[in-house]
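Okay, so here's the structure we're looking at.
Along the sequence shown, the residues carry numbers beginning at 1.
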Amino acid sequence: MKTTLASGLGFSAANLVLAEGKAVGDSPIVERAIELHNTHTGESLQLVYRRGEKFDAAAVAKLRNILRDHRNGEVHDIDVGLYDQLHDLAQAAKCDPRFEIISGYRSPESNAKMAAASRGVAKHSLHMEGRAVDVRLHGCSCSTLRDLALAAQKGGVGYYRRSDFVHIDTGRVRTWAG
């Protein structure tokens, strides 16, 4: 292996360090993939949603559709930060990013009906803003997923032991048990 360094020429060191004739900065673009299974509609989707820093618009549209309100079919934009949170949690758990979706987007009407029927549903849920998902990760217990999400400190984390799912959102860091 041949390594060459140059200095004082105004070039980025990452592009000047050569390994077997290739610049280190020429590494392949990292792809992020995710698999979602909607437990209410039975739909599944496996795709690459991000390449490097760029989100794939067609993939994001498909993800938005699978996360639609299953009660009335309403579709809403989803915070793409959720996909990265899920991907990162799967990596932390040393699992493939294969998630069961219990709840994604909720229309205000659906959320109001749920809140009226159960005290465990927030009246101003981030689900209505497309900033929250309730999930299970294949190969990882929900208590472990909760612990990993709490350690990540990227948003709210709710743990629903009896229903066996974890709420993940992109809001302020907080935690609760349902």
Side-chain angles (χ1 to χ4, degrees), residues 14 27-40 44-57 59-70 75-108 110-111 114-115 118-178:
S27 60
I29 293 175
V30 175
E31 292 185 337
R32 286 181 163 237
I34 196 166
E35 180 178 334
L36 302 180
H37 173 76
N38 187 312
T39 60
H40 295 284
S44 292
L45 181 65
Q46 181 180 14
L47 49 69
V48 172
Y49 69 90
R50 182 173 170 179
R51 289 176 178 85
E53 295 300 313
K54 185 176 179 184
F55 287 89
D56 181 306
V60 168
K62 290 176 183 178
L63 290 165
R64 181 175 53 238
N65 186 61
I66 202 166
L67 291 170
R68 72 188 177 278
D69 186 333
H70 68 271
V75 177
H76 190 278
D77 286 339
I78 303 296
D79 183 342
V80 293
L82 279 173
Y83 308 134
D84 280 341
Q85 271 188 270
L86 293 174
H87 186 273
D88 292 346
L89 288 168
Q91 281 192 322
K94 296 178 179 28
C95 293
D96 289 333
R98 297 177 54 220
F99 291 89
E100 291 181 1
I101 301 299
I102 287 68
S103 184
Y105 170 69
R106 280 191 214 139
S107 68
S110 289
N111 199 76
M114 291 176 68
S118 170
R119 59 186 185 88
V121 176
K123 290 181 182 176
H124 303 287
S125 172
L126 290 178
H127 285 278
M128 295 187 300
E129 297 176 26
R131 297 180 57 204
V133 292
D134 298 338
V135 297
R136 296 181 192 112
L137 172 60
H138 286 274
C140 181
S141 71
C142 285
S143 61
T144 298
L145 182 60
R146 172 207 54 206
D147 294 346
L148 292 169
L150 289 171
Q153 295 282 295
K154 296 211 175 160
V157 179
Y159 177 52
Y160 295 82
R161 184 181 55 78
R162 276 184 265 140
S163 301
D164 193 36
F165 70 83
V166 179
H167 168 102
I168 307 285
D169 69 47
T170 60
R172 63 184 170 78
V173 175
R174 64 209 186 288
T175 187
W176 66 93

> Are any side-chain N or O atoms of T175 and backbone N or O atoms of V157, one a donor and one an acceptor, separated by less than 3.5 Å?
Replying inline: yes
>> Please evaluate residues L67 and V133 with respect to the criterion side-chain contact (heavy atoms from CB on, under 4.5 Å), reporting the C-alpha separation (whole Å), side-chain torsions for both, the decisive distance (0.1 Å), and the verdict.
In response: CA-CA 8 Å; L67 291 170; V133 292; 4.2 Å; yes
Kindly list each side-chain donor-acceptor pair under 3.5 angstrom involving residues 85-93, sequence neighbours excluded, with atom names and distances?
unit_1 : atom_1 : unit_2 : atom_2 : d
H87    : ND1    : R32    : NH1    : 3.4
D88    : OD1    : R32    : NH1    : 2.9
D88    : OD1    : R32    : NH2    : 2.8
D88    : OD2    : K154   : NZ     : 3.3

> Is any side-chain heavy atom of L36 closer than 4.5 Å to a side-chain heavy atom of L47?
Replying inline: no
> Between G139 and C95, which heavy-atom pair has the shortest distance, and what is it?
Replying inline: O-SG, 3.4 Å
> Ring centroid separation for H138 and H37, is it under 6.0 angstrom?
Replying inline: no
> How long is the span from the CD atom in E129 to the NE2 atom in H76, to the nearest 0.5 Å?
Replying inline: 8.0 Å
>> Please check this pair: side chain of N111 against backbone of A122, looking for a donor-acceptor N/O pair closer than 3.5 Å.
In response: yes
> If you measure from NE2 on H40 to CD1 on I66, what distance do you get to the nearest 0.5 Å?
Replying inline: 12.0 Å
> Heavy-atom distance under 4.5 Å between the side chains of L63 and I78, does that happen here?
Replying inline: no
> Distance-only, no hydrogens or angles: does the D69 side chain make a donor-acceptor pair with backbone N or O of S107 under 3.5 Å?
Replying inline: yes
>> Using side chain to side chain donor-acceptor pair (under 3.5 Å), reason through D134 and H127 one step at a time and then give a plain yes or no.
In response: CA-CA 9 Å; D134 298 338; H127 285 278; 3.2 Å; yes
>> Treating D79 as the side-chain partner and G81 as the backbone partner, does any N or O pair qualify as donor plus acceptor under 3.5 Å?
In response: yes
>> On a heavy-atom basis, which atom in N65 and which in V75 lie closest, and how many Å separate them?
In response: OD1-CG2, 4.0 Å
>> For the CZ atom on R174, are there more than 12 heavy atoms of other groups (residues, nucleotides or ligands in this structure) within a distance under 6.0 Å?
In response: yes
> Quick one: which of R131, R68, R64 gives a salt bridge (charged side-chain N to carboxylate O under 4.0 Å, His left out) with D77?
Replying inline: R64
>> Working to the nearest 0.5 angstrom, can you tell me the gap between L82 CG and I34 CD1?
In response: 9.0 Å
>> Salt bridge or not between K62 and D56? Use side-chain N to carboxylate O under 4.0 Å.
In response: no
> Which pair of non-hydrogen atoms, one from R106 and one from S125, has the smallest distance, and what is that distance?
Replying inline: NH1-OG, 3.7 Å
>> Please find the pair of heavy atoms, one from K123 and one from M128, that lie closest to each other, and give the distance.
In response: O-CE, 3.4 Å
> Considering all heavy atoms of both residues, which atom of A132 and which atom of H167 are nearest to each other, and what is their separation?
Replying inline: CB-CE1, 3.3 Å
> Would you say R136 and I102 make side-chain contact, with heavy atoms under 4.5 Å?
Replying inline: yes
> Parallel, tilted or perpendicular: which describes the rings of Y160 and W176, with under 30° parallel and over 60° perpendicular?
Replying inline: perpendicular
> Can the positive tip of R146 be found less than 6.0 Å from the middle of the six-membered ring of Y159, inside 45° of the ring normal?
Replying inline: yes
> Are the side chain of Y49 and the backbone N or O of Y83 linked by a donor-acceptor pair below 3.5 Å?
Replying inline: yes
> Are any non-hydrogen side-chain atoms of C142 and R161 less than 4.5 angstrom apart?
Replying inline: no
>> With a 4.5 Å cut-off on side-chain heavy atoms, are I168 and V135 touching?
In response: yes
